[in-house]
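Reviewing the structure listed below.
What you see is a predicted model, and the numbers here were worked out from it, not measured in a lab.
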Amino acid sequence: MTEKTDLALSPDQSVAYDRIGALMKQAGIDLVAGTQGGAGQVPDAVLAVLGKAGSGKTMLLARLYRALSEMGVEFISGEFEGRKRRETRSLAILAPTNKAASVLRNRGVPATTIHRILYTPVYDPEYEKLAEWLSGKGERPQTEILTDAALDRAVAFYSRHQSVPGALASAGLRGSDFITGWKRREEPLDIGFVDESSMLDKRQLDDLKEIFPTLLLFGDPAQLAPVGQSGEMVFDALPEDSKLTLSRVHRQSQDNPILDLAHALADPDLTFEAFERMIEAAAKRDDRVVVAERVEADLMARSPVLVWRNATRIRLIQAFRTAHGAPIDQLLPGEPLICDGLELPLKHRKKRLDLEARGLIKGAQVIYLGEGRRPGFSRLHVLGAPEPQVSAASIVKIEHPDEEEPFIPFAARMGATFLHGAAVTIHKAQGSQWPEVQVFSPDIYAAARSGRNEAGLPLWKRLTYVAITRAETRLHWVVRNRLSRPKEPLSTDDLLVPPAPALIREMDPSLSLEGPEYS
């Protein structure tokens, strides 16, 4: 789905667009004239565009993308990056996770992860020749890798979609097969747009400021701050004149009961009990809101139940696995997992970069496809990643109630660590969206009874706001501690896409702990 950007901007959006335009002009881009040049850049220019769900942040970002694209600004997407041209400015549109980046890509905005910009791949020279030619910066290559017909298919694909990896895939190659290593970016870029900036911590912001002299942060101040930041978000510390606030755009969010509920949470007098009555009333008049007597096991396979308490998460995961008859000592294909980080010593830094660049970063959502060819390896589908299917050295942990140590059905000596993903905490769900979302109401009630506040707001309201705005089309408000029996067995049929025939070549095994498996 491509984001519609032909709607007239709201007054708030127009003010923000003009402020951003002034900042762009200092960076050498004139949005009014549609020109770009070599104007000096403003050091440490950070501007935050803030607003709750339905305020039009994504529409504004998409409008800016379209304007900059039409004037020939070079977009850095995390795939192949050619030689920089002096006469053009560069822009990267970023999100903290692949899942968050995919939300933008589904709206026609070429977003990538922060990691793919901070670290750049080192490519085989053959790939560089192909990529330079496809992007119009080099001569048609003479190569034994592709036939003339395959080259023609690649350039025809690129002319339509502007994607180097996609063009090569149409010709039977995968760009990731040409990556020989990773390095920290040395050359700065010009402008960065960061979506879901409420998820950033200070270290990430400092890293981004080293790369981008001009930085725009798009964020929702009503969400939850990163763990360990005392309820503060990185844009809270910015001067007031560096923050732009958008109000709800009713023409975009009209007749949306989920957004109505989210914005109702701003009422300081609203109690949990009154909010639940609002949900019940919404469910009676609109099927996009459901008051559910139990958790739906079938939904959990692709859309995790959102909870507050860790103990609730573990109990729901065990109920899900029991309902599907999953054995205690192995995973079933189709089970969801959450990457919990990488267990690698410092001397394997290149392997860490390779895994992270392919989407296996903390919080990444994946689906288990089956065992890999090597002991301890798993075949995985990384949700939201441009090349989602990988094989990775894995350490999988299955947690049990009232047990301090998780059970580990299988493990590589080192690699990516995973927890089960049938239920996740609301903190971990930030940045993601699913068509249908189940929110476990008893946990929200427990947060309300605790009386806790975060950054001046009751914790239960922040939790509820984040949880219900993860739903794109339907919200299930689960009121009972029950789980339905699954109607269908676990499957991977919705994920398995036959890979394009890949170039098989010898690679330095010290560079990677994972890669595609070939038949």
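- Checked against side-chain contact (heavy atoms from CB on, under 4.5 Å), Asp207 has the following partners two or more places apart in sequence or in another chain: Leu118, Arg184, Arg203.
- Note that the CD atom of Gln430 and the CZ atom of Arg470 stand 6.5 Å from one another [nearest 0.5 Å].
- For CD of Glu488, the number of neighbouring non-hydrogen atoms (other residues, nucleotides, ligands) closer than 6.0 Å is 12 at most.
- The environment of Phe75 atom CZ is dense: over 12 non-hydrogen atoms of other residues, nucleotides or ligands sit within 6.0 angstrom.
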- Message: Using side chain to side chain contact (heavy atoms under 4.5 Å, CB included), reason through Arg185 and Ile76 one step at a time and then give a plain yes or no.
- Response: CA-CA 12 Å; Arg185 178 180 292 277; Ile76 310 300; 3.9 Å; yes
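- Distance check: Lys52 NZ to Tyr465 OH gives 6.5 Å after rounding to the nearest 0.5 Å.
- In this structure, the side chain of Asn453 does not engage the main chain of Gly456 through any donor-acceptor pair within 3.5 Å.
- In this structure, the side chain of Arg379 engages the main chain of Glu371 through a donor-acceptor pair within 3.5 Å.
- Looking only at distances, a side-chain donor or acceptor of Arg462 sits under 3.5 Å from a matching main-chain atom of Gln223.
- Nearest heavy atom pair, residue Cys339 against residue Phe418, reads CA-CD2, 3.6 Å.
- Side-chain contact between Ile426 and Ile444 is present, with at least one heavy-atom pair separated by less than 4.5 Å.
- When side chains are defined from C-beta on, Gln438 counts as touching Met300, because their heavy atoms get closer than 4.5 Å.
- Side chains of Gln204 and Val194 form no contact here, defined as non-hydrogen atoms less than 4.5 Å apart.
- Counting all heavy atoms, side chain and backbone alike, Val291 lies closest to Glu280 at CG2-CA, 4.0 Å.
- With contacts defined as side-chain heavy-atom distances shorter than 4.5 Å, the pair Trp434/Arg302 does not qualify.
- Shortest non-hydrogen contact noted between Met233 and Ala225 is CE-N, 3.8 Å.
- Of all non-hydrogen atoms in Leu490 and Gly334, the two that sit nearest each other are CD2-O, 3.9 Å.
- Judged by distance alone, with hydrogens and angles left aside, the side-chain atoms of Thr492 form no donor-acceptor pair with the main-chain N or O of Leu495 at under 3.5 Å.
- For Asp195, there are no salt bridge (charged side-chain N to carboxylate O under 4.0 Å, His left out) partners two or more places apart in sequence or in a different chain.
- Without hydrogens or angle criteria, Glu196 side chain to Asp220 main chain gives no donor-acceptor distance under 3.5 Å.
- Between Leu270 atom CG and Phe275 atom CZ the span is 7.0 Å, to the nearest 0.5 Å.
- Proximity of a side-chain donor or acceptor of Ser198 to a complementary backbone N or O of Pro221 within less than 3.5 Å is not detected.
- Using a distance-only test at 3.5 Å, with no hydrogens or angles considered, a donor-acceptor pair links the side chain of His263 to the main chain of Ala53.
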- Query: Between Leu200 and Leu217, does a side chain to side chain contact (heavy atoms under 4.5 Å, CB included) hold up when you go through it step by step?
  - Reply: CA-CA 10 Å; Leu200 294 181; Leu217 307 178; 4.2 Å; yes
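- Every residue meeting the side chain to side chain donor-acceptor pair (under 3.5 Å) condition with Arg321, not counting sequence neighbours, appears here in chain and number order: Glu335.
- Listed by chain and number, the residues in a side-chain contact (heavy atoms from CB on, under 4.5 Å) with Pro435 are Glu472, Thr473 (sequence neighbours excluded).
- Here the NE2-CD1 distance, from His420 to Ile317, works out to 6.5 Å after rounding to the nearest 0.5 Å.
- One distance of note links OH of Tyr368 with CG of Leu331; it measures 5.5 Å at 0.5 Å rounding.
- Between Arg313 atom CZ and Asp443 atom CG the span is 11.5 Å, to the nearest 0.5 Å.
- Residues satisfying the side-chain contact (heavy atoms from CB on, under 4.5 Å) criterion with Arg315, sequence neighbours excluded, are Ala311, Thr312, Pro401.
- Taking the side chain as every heavy atom from C-beta outward, Ile398 and Gln318 approach each other to under 4.5 Å.
- Looking at Ser441, its side chain never comes within 3.5 Å of a backbone N or O of Trp477 through a donor-acceptor pair.
- At a threshold of 4.5 Å between non-hydrogen side-chain atoms, the residues Pro327 and Leu332 count as touching.
- When side chains are defined from C-beta on, Leu94 does not count as touching Thr113, because their heavy atoms never get closer than 4.5 Å.
- At least one donor-acceptor pair under 3.5 Å links the side chain of Gln433 to the backbone N or O of Thr469.
- Of all heavy-atom pairs between Leu189 and Ala92, the closest is CD1-CB, 4.5 Å.
- Checked options Val305, Leu299, Leu306; the residue passing with His476 is Leu299 (criterion: side-chain contact (heavy atoms from CB on, under 4.5 Å)).
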- Task: Would you sort out whether Thr97 and Met199 count as a side chain to side chain contact (heavy atoms under 4.5 Å, CB included), showing the intermediate values?
- Result: CA-CA 10 Å; Thr97 66; Met199 298 172 65; 4.2 Å; yes
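- Looking at Asp340, its side chain never comes within 3.5 Å of a backbone N or O of Leu419 through a donor-acceptor pair.
- By the side-chain contact (heavy atoms from CB on, under 4.5 Å) test, Ala297 pairs with Leu483, Ser484, Pro486, sequence neighbours left out.
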- Could you check Glu276 against Val479 for side chain to side chain contact (heavy atoms under 4.5 Å, CB included), going step by step and ending with a plain yes or no? CA-CA 10 Å; Glu276 278 214 319; Val479 297; 4.1 Å; yes
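- Ring pair Phe272/Trp460 is perpendicular by interplanar angle, where above 60° counts as perpendicular and below 30° as parallel.
- Considering Val366, Leu369, Asp494 as possible partners of His381, the one that fulfils the side-chain contact (heavy atoms from CB on, under 4.5 Å) test is Leu369.
- Listed here is the closest heavy atom pair of Gly54 and Leu259: CA-CD1, 3.9 Å.
- Here the side chains of Phe235 and Val46 are not in contact, with every heavy-atom distance at 4.5 Å or above.
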